[in-house]
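Below is one structure, written out as structure tokens; the observations come after it.
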Amino acid sequence: MAYPNALALSDARSTRLHPARRQPLPTVATPAEDADLPSGHLTGFTLGWDHGHYGLTPPVELMFPGSSIRLGWEAARKAFGMRVLHPRAQTRRWLALRIDAWLRGISFELTQVTPHYLQQLETSWCPVLRRALDRDAEPSEPSSVARVRCDAGFAAGNLVVMSQQAQSAKAELSWQEAQERASSVEVGPIQTIAGLDAREWQRMAVLCSFVTPMPQSLAANIPMLLLPPNRLRLLNPIQALQALLTRQLASPGWHERLAGLRGAMPSQAQSAFDRFAMALLPRVHGSHQLNAPSAQRWALEDAWRDVRVQKRWLELALQLSEALTEQLVQMAAGLKLGTLHVQHHAVDLATEGWGLPTTSEIQPGNPWEKRSSVPN
């Protein structure tokens with residue numbers, strides 16, 4: 001299956017850093033080619049070099065004599081001496097992620113996944129568990145940078161910050177497997193699996209579905225019980241359109257902002273759009289007036305638990321061809337949508353650097369179609 005175009009949604013205000021806080025990228029132009037390295041050890045050498053460039057020491061268990069990471073670290077110390085870069089928290093996390101990926105044999109894309117990129121992923125709340133992350137006040141939970149699609153590597157568009165508990169529960173599960181766990185908890189008698197209840201597993205399933213290409217008819221059946229986290233790439237255009245509409249309908253003036261999108265739809269789809277808007281609006285009414293951004297987000301997500309909202313959405317989505325949906329998504333990328341930043345990715349760039357298998361098969365079946373409603 002060819003990957004479709006992808007859309008990344010982010011809060012424009014959250015992705016800018018003051019110039020004084022921006023870290024220069026590490027110089028990866030190492031003398032590795034001159035070093036006496038065993039074949040295939042360049043990654044370890046570069047990791048050691050980057051630690052040395054930031055004045056940091058790699059984990060001691062990896063610093064045995066002759067290891068590639070130690071050779072790189074020693075070479076950097078000789079090259080830079082005391083002229084090292086100042087490591088911030090995200091730099092340390094970036095290096096730790098790279099070591100983890102290296103030890104597990106997972107690809108790590110270095111061009112786009114930088115300390116600055118990881119800063120853009122930061123969030124105060126776990127999107128799955130809705131619990132505070134890494135706060136001084138209690139209760140809070142430690143956070144983790146997780147791959148959403150586990151057959152892909154650490155790459156831009158496939159990463160999200162969530163709680164360590166949520167990441168541990170997710171493990172290597174696909175979106176269908178996460179939804180199966182939600183269904184198992186829902187029917188009982190067990191109340192949790194791996195510490196997550198039915199609603200949390202439903203949100204996990206939706207999160208994983210964003211980066212799993214599937215037929216439009218299947219993707220349209222998935223209620224948006226979780227809005228896409230910052231910088232996640234949506235590989236299904238109908239979900240990208242769904243996310244855009246949901247975010248916009250919660251703010252005053254949505255009709256004027258989206259008039260262009262509505263006008264590009266067939267007449268029957270325009271009527272369906274109006275019915276969908278009228279179903280969703282009462283359930284998110286006033287969410288833009290909530291004080292906390294997290295409360296606004298959760299109000300939007302919980303609105304999709306209403307049966308009528310999902311029904312009206314399907315009436316609209318199933319009238320849109322994949323080609324037209326692509327056009328609407330591309331049109332949305334050119335609209336001014338308040339603080340919402342939209343970045344469109346072409347087909348050949350959507351999963352660039354993900355390290356995906358050459359073929360991808362989507363399991364048949366639709367667990368969402370088997371239920372007439374999303375349980376409260």
Side-chain angles (χ1 to χ4, degrees), residues 6-26 50 54 56 85-101 108-149 152-170 200 203-204 206-208 210-211 226-234 243 247 290-298 300-301 338-343 353-354:
L7 197 73
L9 305 182
S10 61
D11 188 329
R13 295 173 299 181
S14 69
T15 61
R16 300 192 182 110
L17 288 181
H18 189 278
R21 297 181 60 193
R22 292 197 178 109
Q23 282 284 309
L25 294 180
D50 289 347
Y54 280 102
L56 299 173
L85 301 175
H86 176 66
R88 300 185 183 276
Q90 291 304 332
T91 307
R92 296 174 183 274
R93 172 171 273 189
W94 177 67
L95 291 169
L97 281 175
R98 289 173 58 193
I99 286 181
D100 178 63
F108 195 105
E109 198 283 315
L110 284 171
T111 302
Q112 298 182 67
V113 182
T114 64
H116 175 55
Y117 181 85
L118 295 182
Q119 178 68 43
Q120 297 173 357
L121 302 183
E122 282 301 313
T123 178
S124 299
W125 299 85
C126 174
V128 174
L129 303 186
R130 294 184 174 179
R131 299 177 191 170
L133 295 176
D134 296 333
R135 290 186 173 181
D136 295 334
E138 296 292 340
S140 64
E141 298 198 6
S143 66
S144 180
V145 178
R147 292 174 298 139
V148 182
R149 184 168 169 177
F154 288 87
N158 187 43
L159 302 178
V160 64
V161 171
M162 62 172 66
S163 70
Q164 290 183 6
Q165 179 184 350
Q167 182 189 26
S168 178
K170 178 187 176 299
E200 291 164 345
R203 289 194 285 268
M204 184 74 79
V206 175
L207 173 65
C208 296
F210 290 143
V211 293
L226 181 143
L227 287 167
N230 202 26
R231 295 297 178 179
L232 190 70
R233 291 183 187 169
L234 281 63
R247 289 281 297 267
L290 297 175
N291 293 329
S294 58
Q296 298 176 20
R297 192 179 190 92
W298 299 341
L300 295 175
E301 295 172 347
T339 61
L340 186 64
H341 173 71
V342 181
Q343 183 175 4
W354 285 31

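Keep in mind it's a predicted model, so treat the numbers as computed, not measured. Computed over heavy atoms, backbone and side chain alike; hydrogens, waters and symmetry mates excluded.
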Please identify which of these residues, Asp100, Val113, Ile99, meets the side chain to side chain contact (heavy atoms under 4.5 Å, CB included) condition with Phe108.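 Output: one option passes, namely Val113.
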Side chain to side chain contact (heavy atoms under 4.5 Å, CB included), paired with Pro229, selected from Val161, Leu121, Leu207: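 By the side chain to side chain contact (heavy atoms under 4.5 Å, CB included) criterion, Pro229 pairs with just one of Val161, Leu121, Leu207: Leu207.
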Measure the spacing between CG of Leu159 and CD of Gln112 and express it to the nearest 0.5 Å. 10.5 Å
Find the distance between CG (Leu227) and CZ (Phe210) and round it off to the nearest 0.5 Å.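 Reported to 0.5 Å precision, the distance equals 7.0 Å.
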Restricting to salt bridge (charged side-chain N to carboxylate O under 4.0 Å, His left out), what partner residues turn up for Glu301, sequence neighbours left out?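 With neighbours one apart ignored, the set is Arg130, Arg297.
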Exercise: identify the closest heavy-atom pair between Gly157 and Leu232: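 What the structure gives for the nearest pair is O-CD1, 3.2 Å.
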Please check this pair: side chain of Asn230 against backbone of Gln120, looking for a donor-acceptor N/O pair closer than 3.5 Å. yes
Without swapping roles, check the side chain of Trp94 against the backbone of His116 for a donor-acceptor pair under 3.5 Å. no
Do we see a donor-acceptor contact under 3.5 Å between the side chains of Arg131 and Gln165?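 Present: a donor and an acceptor within the cut-off.
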I would like to know whether Arg93 and Glu122 meet side-chain contact (heavy atoms from CB on, under 4.5 Å); could you show each step before the answer? CA-CA 12 Å; Arg93 172 171 273 189; Glu122 282 301 313; 3.0 Å; yes
Any side-chain heavy atom of Arg233 within less than 4.5 Å of one from Trp354? yes
So, do Thr123 and Ser143 sit near enough that their side-chain heavy atoms are less than 4.5 Å apart?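 The answer is no, as the side chains (C-beta and beyond) never meet within the 4.5 Å cut-off.
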Cation-pi check for Phe154 against Arg147: NZ or CZ below 6.0 Å from the six-membered ring centre and within 45 degrees of the axis, yes or no? yes
Just jot down the side-chain contact (heavy atoms from CB on, under 4.5 Å) partners of Ser294, sequence neighbours excluded, or say none. Trp125, Ala292, Trp298
